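Worksheet for the structure shown next.
Since the structure is predicted, the reported quantities are computational estimates derived from the model, not experimental observations. Letters A, B, ... are given to chains in the order of the sequence lines, protein chains preceding strands, and every chain is numbered from 1.
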Amino acid sequence: MAIQTKITEHLEQVTNGNGEDYSSKDFSSDQDVRWCPGCGDYTILKQVQKTMPEIGVPKEDIVFISGIGCAARFPYYMDTFGMHSIHGRAPAISTGLKVTRQDLSVWIITGDGDSLSIGANHFVQILRRNVDVNLLLFNNQIYGLTKGQYSPTSPEGSSTKSTPHGSVDHPFNPLSLSMGADGTFVARTMDRDPRHMQEMLKRSHEHKGTSMLEIYQNCIVFNDGAFELFTDRKTRPREAIYLEDGEPLIFGKDDDKGIRLDGLKPEVVSLEDDSYSKEDLWIHDETDKTKAYLLSQFFDAPKPGETHMPRPFGVLYAVDRPLYEKGVQHQIDQALERKGKGDLNALLRGNETWEIK
Amino acid sequence: MAIQTKITEHLEQVTNGNGEDYSSKDFSSDQDVRWCPGCGDYTILKQVQKTMPEIGVPKEDIVFISGIGCAARFPYYMDTFGMHSIHGRAPAISTGLKVTRQDLSVWIITGDGDSLSIGANHFVQILRRNVDVNLLLFNNQIYGLTKGQYSPTSPEGSSTKSTPHGSVDHPFNPLSLSMGADGTFVARTMDRDPRHMQEMLKRSHEHKGTSMLEIYQNCIVFNDGAFELFTDRKTRPREAIYLEDGEPLIFGKDDDKGIRLDGLKPEVVSLEDDSYSKEDLWIHDETDKTKAYLLSQFFDAPKPGETHMPRPFGVLYAVDRPLYEKGVQHQIDQALERKGKGDLNALLRGNETWEIK
Amino acid sequence: MSQTSTEREEVTIRFAGDSGDGMQLTGSLFTNTTALEGNDLRTLPEFPAEIRAPAGTVPGVSSFQLHFGSKEILTPGDKCDVLVVMNVAALIANLSLLNKGGTIIANTSGFDSRNLNLANYEGDVSPLEDDTLSQYNVLEIDVTKLTKESLSESDLGYKDKERCKNMFVLGLLYWMYSRPLDSTISFLEKKFKDKPDIAEANVKVLKEGYHYGETTEVFSSRYSVKEASLEPGTYRNITGTDATVLGLVSAAHQSKLPLFFGSYPITPASDILHGLSKQKHFGVYTFQAEDEIAAVSSAIGAAFGGSLGVTSSSGPGIALKGEAIGLAVMLELPLVVLNIQRAGPSTGMPTKTEQADLMQAMYGRNGESPAAIVAPRSPADCYNMVFEACRIALEHMIPVMFLSDGYLANGSEPWKFPQTQDLKEIEIKFEPARTNGDGEKFLPYVRDDRFVRSWSIPGTKGLEHRVGGLEKEDLTGDVSYDPDNHEKMVMQREAKRDKIADFIPPQEVDNGVENGETVVLGWGSTYGSIRTAVHELRTEGMDVSHIHLQYISPFPRNLEELLKGYDNVLVPEINNGQLVRLIRDKFQMKAIGINKIKGRPFGVEELKQEIKAAIPSKSNA
Amino acid sequence: MSQTSTEREEVTIRFAGDSGDGMQLTGSLFTNTTALEGNDLRTLPEFPAEIRAPAGTVPGVSSFQLHFGSKEILTPGDKCDVLVVMNVAALIANLSLLNKGGTIIANTSGFDSRNLNLANYEGDVSPLEDDTLSQYNVLEIDVTKLTKESLSESDLGYKDKERCKNMFVLGLLYWMYSRPLDSTISFLEKKFKDKPDIAEANVKVLKEGYHYGETTEVFSSRYSVKEASLEPGTYRNITGTDATVLGLVSAAHQSKLPLFFGSYPITPASDILHGLSKQKHFGVYTFQAEDEIAAVSSAIGAAFGGSLGVTSSSGPGIALKGEAIGLAVMLELPLVVLNIQRAGPSTGMPTKTEQADLMQAMYGRNGESPAAIVAPRSPADCYNMVFEACRIALEHMIPVMFLSDGYLANGSEPWKFPQTQDLKEIEIKFEPARTNGDGEKFLPYVRDDRFVRSWSIPGTKGLEHRVGGLEKEDLTGDVSYDPDNHEKMVMQREAKRDKIADFIPPQEVDNGVENGETVVLGWGSTYGSIRTAVHELRTEGMDVSHIHLQYISPFPRNLEELLKGYDNVLVPEINNGQLVRLIRDKFQMKAIGINKIKGRPFGVEELKQEIKAAIPSKSNA
Ligand SMILES: Cc1ncc(C[n+]2csc(CCOP(=O)(O)OP(=O)(O)O)c2C)c(N)n1
Ligand SMILES: Cc1ncc(C[n+]2csc(CCOP(=O)(O)OP(=O)(O)O)c2C)c(N)n1
Ligand code: SF4
Ligand code: SF4
Ligand SMILES: [Mg+2]
Ligand SMILES: [Mg+2]
């Protein structure tokens, strides 16, 4: 910040750590973790605590901001700065914080209800503005904290406390919605794959802009096994595909399957017979918006005739676009250059004054 | 509704018109229209009043529900039922109305601020739920009623009352957002093309599901000429392309240009030299989601090297998907079949009772 | 050998254990049996704040309190006479709620070192081994072991067997309080009809527990509690939540309107949504909206279409509805808003009860925005008052706030339920169609003698009109910026709200005299505590009466006159003083607040003290 | 020939014409000149509700009223002495605001048949031709024609010439009231420096108008208004909106904090966002959020980071902020909420003024949720009170509501502006870093003697901590469901709010005596009308005094004592009675409301009548 304020003074005085020699323990707070035994949130907490020491940010410069929900209790367990705010508003709160404190590493923790139901407006707005924060969307396809109502990501027909005969709403596809909102970083991982999650967390941190990382999280109490197809060792090879930038789309156990593009239509091909080789496959390109959208569409139940597509994990889309807060800052700096630091006396005086004697 | 209520009784008594012999005059109310002289809203009002007689719905069965804004004053000028509600909430109000009154033809009138700023949550939710209403989004890329602040559709750098140095937010692409929210009908028209607008209004009415029709509307006072490239006779042929289902993508004056797909990449080709003919062109298919998304992306300023794409007008996407209100009704009907009409005395009595003598 | 049998007028039992120990079920089974025995009763469950806190820990403790007797019972009881604890955490969490000299039934296997650690219990030996519990009468029973033994024959798995242990405790208590087993047995058989072995096991253990009481020496005596002298009739047990659901369905039935319920889940209101979503065969539409604003907006949309539009939430969600409720005030459409209050401010303590949203209900909107307010006074009264909320909304075309709270929603009591023939009619009439003949303009804002405008729904020929949030012109409903019209409309909207007072029952003195020294004025869920406290104070010879409000906006016409009949007006509330402010403002009288803000109802004893303490200071004023 | 020159103590002029006629500019130019002449003054513009209603129609009329004099001027004047009407619509819309016998200056070319139709004027001849205006002194001038003639030489286009006609009127009035032209001329030359021909034309027409007065016989006399005896010093003219902008920038300057302003546009608050967005070189961050909820939330986020977080809106938008304001109450972070009130309920009458959001500010949140409330009493006072709002929020770590309204925001008055050396310091201190040495846990909810917790911002080593909307444990700030802790925290949050009373000035009697028969108690924008009315009543010999509140929550410590010094307490408000309720409740005294709900300020005359009417009824009570 070009202007000296109490904040800049304060930050000059405090000599912050260099954020190197941390262990994951340094990031666990003194609060007992209060999720249900076996909840997917535990492993996410663990991976985040493992990743923090590696991003090289002093922990006093890290802020976790959450809305409301089981997921949203997350900040209490991180020994950083944190705010457990109100339902759905974390992106708006984070925008105010990040715009004024660009020195901070801001992480949003939110659930599928928190950010795709009550908070969906703030969710799409922060994506289009591209504020440099990391948004971790814990998607368990259910409202956990309120004891099991369906959420905007619950599949049609979900029978839950509020839908005893099955839900009738068509669910959101969170990644397609993020693409539609012009997000600059759109990725997916799962609670049951710690290594991949850590990698995705690092990528989210590294990306300059709003990093939308969807995490498939198992709610063992109200929606157990929602993602089993992807998390279960047996079915995962068939149902999940891991994306690597610049690499062909290959999956299946012992990589026996690939995906190629027939015009606009993706199709699964076998790499066992010789009809297709790696060269024929779709090469993943994180910067290709159309491909990213197509990948986000590996989601709907396949229509008759269509081959069934595996669910993509990894970074679907990552591009740079000017940061909202930098744009704001730039205008302030410009104004300072053009007009010089504001002269309050002149402002108070205005253009036209007169004397009373 | 399978159950007899005061509403069903009431509707049986009233013998409604067949909605045939109307003239557009029958749809203009006794209120003086109060938009600025030359506002694009006038012509939209005119086209809607012209179209209503043709949709064959008795006017007492038509309801216009709006939020707040210049656009939102629209219902006052229609001699149908109407509600000028509160800012951004028209989709939610309409959902409650349509679910309980499936006999009505419900039209939502909203502005770019009303539905993409404060109302963006309800906007994406109604699209995913697919309630059978017609949403007319008057996009003038500005807040008109509040005298000229930028909106979520204003291009970056827009200098407005609230952004004297230019806006820094990246705007929404309303059609891509609608695709991302899994809308079932996504279309665009403009105030300056009455015939096309009338056609789009009819298509919106015919579509079963949430019909999202974006209308480019000129705000002569605060954002004059925002869409001139598309509305101006001279530039329109070059900058606008009209979509016809099953037809090749052709534009340009005397149809000299076409668009073909090179893999996933659309490119503009000339039809004058013989290198390309109509046969080589992209054939529009309203039911192809990927193509619809691609068309919605004919929007961003072209990156260097890319050929400049014309802005599409017409129906980009139209598919059938179960209606939210029908799903709700179906569950009620099912319950009635399974359990028979609810017996209140039994409900009051419950499972376990005892006598006190 | 024989045990004496002592008679008791009232007993309070508290079942406490781990969330997994089935204490809620145990409690409600004992409740049903006790109800069938003809006792009066009140129950209150207490759930942990977490969904499923780690087993064995203090935050993981779940409990259920039952207060029953042969006299009138109006509260779950301040403290309990018998405390059942399935593990040490349950003891730690609940000991303070046991009367001195009370009985503790402890499952010893829940006090092993593992459990001591989980509960991180300070002492180095189990509280059963040192003198921690010296002032209590402790019965140590290894329920887990006895349960397993009694099932040694069964081929159920370990877990399934273990799960039966709550039945042992239940059987034991049935013996202690001389209750029959049959209703519980038939319940178990119904519940597990597809798993006969499980049913059998549960029944066996239940009986085992009963016999254990009979055959062992551990109990000096058993107790009996006579029938209460309840009004003759047929009864059921009901919670506030269920009563609310039934009241809404009944109101829809009596007005012959479709019920549209638009809501967004929030503790402790969500269960109403759950309950209504099971009533689809009554033509009930439930809509889980994307947020509270959409929820109330959808209800307004439904009301515009002619349905009974209802929305529900708790404090924070109600705050979000304020703007839309204001729209309903302006549109003059019927709207029912249920606020199941919880401890605030902000997110506060979602699982704890409070009455602190009254001022929000009264004033939580911009501009002069009058709405009606009603409040139930007991779990069963939720039925009556939500019905009244609907009646007022529909007959007076106005938003009505229904102020219940977590304590009422989760509590239960015996209910002499009505049948359809006992229910009021709700008079609604849609404006009839107009034949195009008479060209004169339809006037949607013409009022009747109650200042109520017509309900003119879409689909009615000739009534095409537009409404909205801008100020309306009198009669025409057109937009108007006319200064005099605005003042007139503000006054008419208020007059319409105030006129409701002619269509509600006059205020009665619940207990006591019409003109006396002191009156205790309450509203909502404090009824049971106040009534009991005042009753006891009166028997102690004190000149104190009790008036309890169910209609808060508008007040009953005779309230001012009534209150002016006393020297002291005391207003106990589970907040920092809200009704008391309305009373002072409206009647310009000195009223004294008695306030408790602990997320808990008033205890009868503490309330008696507070009332005594408050009076002299007033009299010598 | 000579004209007499009469002296006047005060004059009210109303400029009225089509939105396109430039009446706002004309009015403000006359205002500046008049200010420079040393008169005291008040102005009030009135805009049409529509952005740009059709030309010539009544809804399209825009007007500007100026009240100036040699005595103290505190209102824009009930009615005007001179009414300028550029067309018939302007006459229809404003005639009722002209004093009987007043002067009308009518632009005859605005009264042709075309204009009569546009304005759909009933009469079949122009009101200038029949006796509609018989009680007034009408000057008919074909301003349009005279303007064009005077520009016959100029090669400007028709439209440009036509646009100069307001300068003719201005010149004429300058002559009538003996004002110099120079400041207007230099303004025009600055404004059109790139279009010298336009500048020239405007100046020419201005002078033409002045000479027209001098040379024609139409005016029986001209007037002079002497300097007012304003406090010596340097003055500027300022609107409430500009004063608010300056106050916020000043508070940021005096606290040495970045100002973060998160807002969503709404009439009449938007102009504050516009004004601040031009102050980027003061390090001001403006954020146009997607809605009011995001606006207030972003301000909370900024406050968490150590900035001065401010949000603004009007009634409906404030209703949406309630939940988030409750969060700020729980977080105990500084937050300033500006409510530029407008007529409600719901969307109401956005362009009309009202004071009906006081109760919402006080109670519009769930739970016990105390916030501070301040209210400016004049356009220039917006500067002082918004500064105070920031000071209180920052020094007491609490949300503060600033209740202005459309009347103050758009009105203007002369302002003896301060300079930085005159400004209070705002004392804030961020909690310092902790060296890892002392391992003991940082306690974010420890309070100082004002019950204020520390401001512990991210980036400070050793202060890592978590806050949130769940109830906080005393000292630690951890989540707590403990019953006693909850009551304690509720009380502490309230005590903190009440303690502010020690840090605001004691209440003074604005005019009158300390112990008397009657006091008129006002708040906010009614100051000017009340002060003038009370002043006049006192000169008429009535024992009435005036107390005006700028601090409403908490009240100044001495307010109760002050009020008890009078037999009658009258409370005039532009609402249906809100402050009066707070007074009755808090002080348990009989206070009488005087209410006007017409979207308009009190007129001095009507207020005098109301005060007189109210008193006896009270005395014989
Ligand atoms: C304004 C408001 N509305 C509703 C609630 C109740 N509520 C708390 S969390 C939640 C949804 C939780 O679902 P999700 O965001 O998916 O988080 P999860 O519990 O599944 O992790 C709801 C409805 C609230 N606390 N505040
Ligand atoms: C709750 C609320 N917030 C803000 C406003 C002020 N407001 C009215 S319309 C509007 C935006 C209008 O823009 P748009 O929706 O694009 O409609 P347009 O006027 O351009 O047709 C705003 C901010 C309001 N009336 N209510
Ligand atoms: S309810 Fe589900 S999401 Fe919440 S803590 Fe338990 S398991 Fe996890
Ligand atoms: S402000 Fe713009 S959008 Fe509004 S009425 Fe005028 S021209 Fe139309
Ligand atoms: Mg979830
Ligand atoms: Mg717009």
Side-chain angles (χ1 to χ4, degrees), chain A residues 88 116-125 127-130 152 156-157 163-184 261 263-266 282 288-291 293-294 296-297 300 321-332 334-335 338, chain B residues 88 116-125 127-130 152 156-157 163-184 261 263-266 282 288-291 293-294 296-297 300 321-332 334-335 338:
Chain A
L116 294 174
S117 193
I118 193 170
N121 191 6
H122 314 304
F123 176 80
V124 292
Q125 303 283 353
L127 287 170
R128 87 173 163 89
R129 288 195 186 108
N130 200 37
E156 273 164 75
T163 54
H165 311 289
S167 60
V168 300
D169 325 26
H170 177 79
F172 275 131
N173 174 334
L175 301 195
S176 291
L177 183 63
S178 303
M179 292 301 299
D182 262 353
T184 59
L261 273 166
L264 295 177
K265 259 183 78 17
W282 163 342
D288 184 322
K289 204 170 183 180
T290 309
K291 280 182 171 168
Y293 174 77
L294 267 175
S296 76
Q297 287 287 307
D300 307 330
R321 199 174 68 211
L323 302 177
Y324 177 76
E325 67 272 27
K326 293 275 176 251
V328 172
Q329 195 58 55
H330 179 69
Q331 292 194 335
I332 290 180
Q334 290 267 305
R338 265 201 335 280
Chain B
L116 294 174
S117 193
I118 193 169
N121 191 7
H122 314 304
F123 177 81
V124 292
Q125 304 283 353
L127 287 171
R128 87 174 161 89
R129 289 196 186 107
N130 199 36
E156 273 164 74
T163 54
H165 311 289
S167 60
V168 300
D169 325 25
H170 178 79
F172 275 131
N173 174 335
L175 300 195
S176 292
L177 183 64
S178 303
M179 292 302 299
D182 262 353
T184 58
L261 272 166
L264 295 177
K265 261 183 80 14
W282 163 344
D288 185 322
K289 205 170 182 181
T290 309
K291 280 182 171 168
Y293 174 77
L294 268 174
S296 76
Q297 288 287 307
D300 307 329
R321 198 173 69 213
L323 302 177
Y324 177 77
E325 66 271 28
K326 293 274 176 251
V328 173
Q329 195 57 54
H330 179 70
Q331 292 195 336
I332 290 180
Q334 289 267 305
R338 266 202 333 282

Query raised in the report: A:T290 and B:Q297: side-chain contact (heavy atoms from CB on, under 4.5 Å), yes or no, with the steps?
Result: CA-CA 9 Å; A:T290 309; B:Q297 288 287 307; over 6 Å; no
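- With chain B as partner, the option from A:K291, A:H122, A:K289, A:E156 having the largest number of non-hydrogen pairs under 4.5 angstrom is A:K289.
- Of the two parts of B:Q125, the backbone and the side chain both hold a non-hydrogen atom closer than 4.5 Å to a non-hydrogen atom of chain A.
- Here CG of B:D169 is found 11.0 Å from CG of A:N130. Values are rounded to the nearest 0.5 Å.
- Contacts between B:L116 and chain A at a heavy-atom distance below 4.5 Å involve the backbone alone (N, CA, C, O).
- Of the listed residues (B:S178, B:S117, B:S296), the one with the most heavy-atom contacts under 4.5 Å to chain A is B:S117.
- Heavy atoms of B:L264 lying under 4.5 Å from chain A belong to its backbone as well as its side chain.
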Requested in this report: Kindly indicate, with the supporting measurements, whether the criterion side-chain contact (heavy atoms from CB on, under 4.5 Å) is fulfilled by A:H165 and B:Q334.
Outcome: CA-CA 10 Å; A:H165 311 289; B:Q334 289 267 305; over 6 Å; no
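- Between A:M179 and B:Y293 the shortest side-chain heavy-atom distance falls below 4.5 Å.
- Heavy-atom pairs under 4.5 Å with chain B were tallied for A:V328, A:L177, A:L261; the largest tally goes to A:L177.
- Judged purely by distance below 3.5 Å, without hydrogens or angles, the side chains of A:H170 and B:D182 pair a donor atom with an acceptor atom.
- Closest of all the heavy-atom pairs between B:I118 and A:N121 is O-ND2, 3.4 Å.
- For the set B:A335, B:G263, B:P322, B:G166, the entry with the most heavy-atom pairs within less than 4.5 Å of chain A is B:G166.
- Only the side chain of B:L294 comes within contact range of chain A, with at least one heavy atom under 4.5 Å from a heavy atom of that chain.
- Heavy atoms of B:L127 lying under 4.5 Å from chain A are absent altogether.
- With hydrogens and angles disregarded, no donor-acceptor distance shorter than 3.5 Å links the side chain of A:Q331 to the backbone of B:T163.
- Residues B:P152 and A:R128 approach most closely at CB-NH2, 3.7 Å, considering heavy atoms.
- Neither the backbone nor the side chain of B:P174 comes within less than 4.5 Å of any heavy atom of chain A.
- Each of A:G180, A:S167, A:P171 has some count of heavy-atom pairs under 4.5 Å with chain B, and the biggest count is that of A:G180.
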